Amino acid sequence: VGGGKKGKSKQQKKREAKAAEEERRYLEAKESMKGWEDPKVMEDAQLKMRLEPEGLKVAPIQADGHCLYRAVADQCSRCDGGGGGLA
């Protein structure tokens, strides 16, 4: 019987080459990110350091299209002792 092993198809070789290239690029990008710090994290830490002595904090507000109004309502409720009734 024929019994000879068939080699990889061109398509299979292309897929494997593409996967190897993607892996190489991923590892290269990962290596280049070593020591990188997210500016948002650093900014949040600096803001927190400035707000804490004043007894203030950043309040999370859900981003839902009304977040500006929710933020204003949150600030108003903090100013009038929490019973603002704005929602």
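This one's a predicted model, so the numbers in the text were calculated from it and none came from an experiment. Note that these values count all heavy atoms, side chains included, but never hydrogens, waters or copies made by symmetry.
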Distance in Å, [X] [atom1] paired with [Y] [atom2], rounded so as to fall on 0.5 Å steps:
{"X": "Q75", "Y": "L56", "atom1": "CD", "atom2": "CG", "answer": "8.0 Å"}
{"X": "Y26", "Y": "E23", "atom1": "OH", "atom2": "CD", "answer": "7.5 Å"}
{"X": "D64", "Y": "Q62", "atom1": "CG", "atom2": "CD", "answer": "4.5 Å"}

On a heavy-atom basis, the closest approach of A59 and R78 is CB-NH2, 3.3 Å
Among all residues two or more places apart in sequence or in another chain, which pass the side chain to side chain contact (heavy atoms under 4.5 Å, CB included) test with K8?
Q12, K13, E16
Ignoring hydrogens and angles, write down the donor-acceptor pairs under 3.5 Å from the side chains of residues 33-52, residues two or more places apart or on other chains.
residue: K34; atom: NZ; partner: E31; partner atom: OE1; Å: 3.2
residue: D38; atom: OD1; partner: K40; partner atom: N; Å: 3.1
residue: K40; atom: NZ; partner: D44; partner atom: OD2; Å: 2.9

Can E21 and K18 be counted as an ion pair, charged N to O under 4.0 angstrom?
no
Look at D74 together with R70 and state whether they make a salt bridge at an N to O cut-off of under 4.0 Å.
no
Heavy atoms from other residues, nucleotides or ligands near CZ of R25 exceed 12 (cutoff 6.0 Å):
no
